[in-house]
Structure formats: structure tokens, C-alpha cells
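Heads up: the structure comes next, in C-alpha cells.
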Amino acid sequence: MTTYAYIRVSTAEQVDNSSMQEQRRQCKGNAITHGLYLSNFIEDAAVSGAVPFFERIEAKGVSLEPGDVVIVSKLDRFSRDAADALNTIKELKDMGVKLIINGHGDVTDDSNIMARLMLEVMAVFAGHERRVIKARQKDGQAAKRARGGHIGGSAKFGYRVEGRGHNAVLVQDEAQQAALKDALAFRRGGLSLRHIATQIALMHKIKVSHEALRKALIEAGL
């Protein structure tokens, strides 16, 4: 039998603060309370709780066996999706693996009725919280895009990124804008995107994929 402490933070910023340390402390305390020897820590830094639990631990090379115990400090460290949380708990129970959540005890134990009730209620709220966070992120990205900000990834053809993080913005790249004008003319002349990309490389010494050209030409109204 192996007892694991599962610890997770969802952003890189949280890795350096007390979040992971506090989770370790709570898991150790739960192990002592249940008379268990905590032998392994599974630590996920900057990993979303939306990723299925088994995918997360398999990525760490962990394969649970009957008789194993998993301890987590909070439900949302285990999962932020209601369906995944409840389905995973059922799967752990079927495997003969115990899941102990700080403050709720062994939630795979059918005799722990109140813990199961609280778990189901909390799983619903955890899933709701995740949807609210995603909605806020989406609204924030849309607002930033409307201001001309850059929300991540490579700059679209014809532009370059200036600044970093929240201050990142897209500005026109003169050389690429000139190449884009020629690309528009070539496209109106009936040339294929791959052919246009070849011409741009020859004429402007700029390498661009046909997919990037397609997106730029669509945005330009062609």
C-alpha cells in the first residue's frame, strides 16, 4: 500500500508562494490523523484542475494500485469539474483506492454519508467557479483585443508584438505590410496561397506559411 499526497497549483505565480507548502502541511496532518505513512508527493505546478485527474497523475508516472491512498488538501486541488470529480471518485472506489480530502475524510467510504453530500455540493460549486473564471478571462481578452492589445501566441502576418504581458500590443510591421499588399494583388490575380508564399519569400525575403497568409488575406477582406 502506498500513500500519496496530491498537490496542485494552477498558475506559475502560485508555485513560488505558500500555496504548495500549505498543501503539503495539510496532507501530512491528514496522514497522521488517519494513521498513515505518507511516502510520496505528487506535485503539479501550473496545471489546470480541468485536466482529468488520472491524466495528471499518469503524466507524473504514477499508476495507482488497490490499497493505495490519495490525500488532497482541498476538493478544488483534486478537480474543478463536478462531473470529473464525482466520476473519478467512483473509479477510485472501484479500484480499491481511498481518497482522503482534508475536512471530509475518506470520500470513497460509503459510510461517510455527510462527507459524500458535502463533496457533491462542493463539486458543483467548484465547477461553477471554474466557468466564472473562464468567462472573466474571455471577457478580459475580448476587451484587450478591442484596445489593440495582444492576448498571446504569434503575431498575425503584417504585424509584430511590442511590449510584454498586459502591455503587449500589435503594431504594423512595415516590411510585412508591403508583402501583404503584394499578396493581395497576387491572390486577386488567381495565384494559390502556396505560390504566393513562394513569391513573398523571393521578393521580400520573408518566410510566411500559406495558412498565415490565408488568415491575413481574410482579415484584409479578400
Side-chain angles (χ1 to χ4, degrees), residues 1-31 34 36-110 112 115-141 151-154 165:
M1 181 188 82
T2 304
T3 300
Y4 298 91
Y6 179 76
I7 295 166
R8 182 187 68 80
V9 290
S10 57
T11 64
E13 289 78 9
Q14 288 177 303
V15 176
D16 296 327
N17 69 18
S18 62
S19 177
M20 296 190 82
Q21 182 178 346
E22 177 61 18
Q23 289 182 56
R24 292 188 196 101
R25 186 190 68 78
Q26 292 183 13
C27 288
K28 288 178 180 178
N30 273 269
H34 289 82
L36 298 168
Y37 172 70
L38 187 53
S39 51
N40 288 277
F41 285 85
I42 308 171
E43 298 187 355
D44 271 335
V47 177
S48 171
V51 178
F53 176 73
F54 282 108
E55 288 186 17
R56 281 180 264 144
I57 65 170
E58 286 171 4
K60 294 291 185 179
V62 175
S63 180
L64 298 174
E65 301 290 341
D68 288 348
V69 180
V70 178
I71 301 175
V72 294
S73 62
K74 290 177 62 179
L75 172 63
D76 63 3
R77 299 304 90 196
F78 172 65
S79 177
R80 280 191 173 273
D81 182 88
D84 175 64
L86 298 177
N87 290 335
T88 304
I89 289 169
K90 182 181 183 303
E91 190 168 351
L92 289 170
K93 178 184 173 183
D94 292 342
M95 292 170 59
V97 175
K98 293 182 179 181
L99 173 65
I100 296 174
I101 298 179
N102 183 37
H104 301 286
D106 181 2
V107 295
T108 59
D109 183 357
D110 287 335
N112 193 354
R116 287 287 294 176
L117 174 61
M118 286 300 298
L119 177 71
E120 290 169 3
V121 172
M122 290 177 64
V124 171
F125 279 101
H128 173 69
E129 180 185 4
R130 176 172 167 266
R131 289 189 291 271
V132 169
I133 291 172
K134 289 186 68 176
R136 288 174 179 169
Q137 289 176 336
K138 186 176 181 181
D139 290 344
Q141 289 176 346
I151 61 172
S154 301

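Please read these numbers as outputs of a predicted model, since none were measured by experiment.
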- Task: Applying side chain to side chain contact (heavy atoms under 4.5 Å, CB included), run through L92 and K98 and close with a yes or a no.
- Result: CA-CA 7 Å; L92 289 170; K98 293 182 179 181; over 6 Å; no
- Message: Using side chain to side chain contact (heavy atoms under 4.5 Å, CB included), reason through N102 and V72 one step at a time and then give a plain yes or no.
- Response: CA-CA 6 Å; N102 183 37; V72 294; over 6 Å; no
- Task: Please examine the side chains of I100 and V70, heavy atoms only from C-beta on, and report whether any two atoms are closer than 4.5 Å.
- Result: no
- Item | Heavy-atom pair of closest approach, residues V107 and I89 | O-CG2, 3.9 Å
- Indicate yes or no: at least one non-hydrogen side-chain atom of V9 is less than 4.5 angstrom from one of Q23. yes
- Message: Which heavy atom of M20 sits nearest to which heavy atom of D44, and what is that distance?
- Response: CE-O, 4.4 Å
- Assess the side chains of N112 and D106: does a donor N or O sit below 3.5 Å from an acceptor N or O? no
- Query: If you look at every heavy atom in H34 and G105, which pair is closest and at what distance?
  - Reply: NE2-CA, 4.3 Å
- Does R8 reach the side chain of F78, with side-chain heavy atoms less than 4.5 Å apart? no
- Item | Test side chain to side chain contact (heavy atoms under 4.5 Å, CB included) applied to F53 and L99, step by step | CA-CA 12 Å; F53 176 73; L99 173 65; 5.9 Å; no
- Can you name the closest pair of heavy atoms from T2 and S39 and give their distance? CG2-OG, 3.5 Å
- Which heavy atom of G67 sits nearest a heavy atom of M1, and at what distance? O-CG, 2.5 Å
- Item | Heavy-atom side-chain proximity of T3 to D68 below 4.5 angstrom | no
- Task: State, with a plain yes or no, whether a side-chain heavy atom of S19 is found less than 4.5 Å away from one of R24.
- Result: no
- Query: Do Y4 and V69 come within less than 4.5 Å of each other through their side chains, counting heavy atoms only?
  - Reply: no
- Task: Please confirm whether F41 and Y6 have ring centers closer than 6.0 angstrom.
- Result: no
- Query: Nearest 0.5 Å, what's the CD-CG distance between E91 and L86?
  - Reply: 13.0 Å
- Message: Taking the side chain as everything from C-beta on, heavy atoms only, tell me whether K90 gets closer than 4.5 Å to K93.
- Response: no
- Atom pair CD (E55) and OG1 (T88), whose distance is rounded to the nearest 0.5 Å: 10.0 Å
- Answer whether the closest heavy-atom distance between the side chains of Q21 and R25 falls below 4.5 Å. no
- Item | Polar side-chain atom of R56 near backbone of V51 as donor-acceptor pair, under 3.5 Å | yes
- Taking every non-hydrogen atom, the tightest pair across C27 and I71: SG-O, 3.6 Å
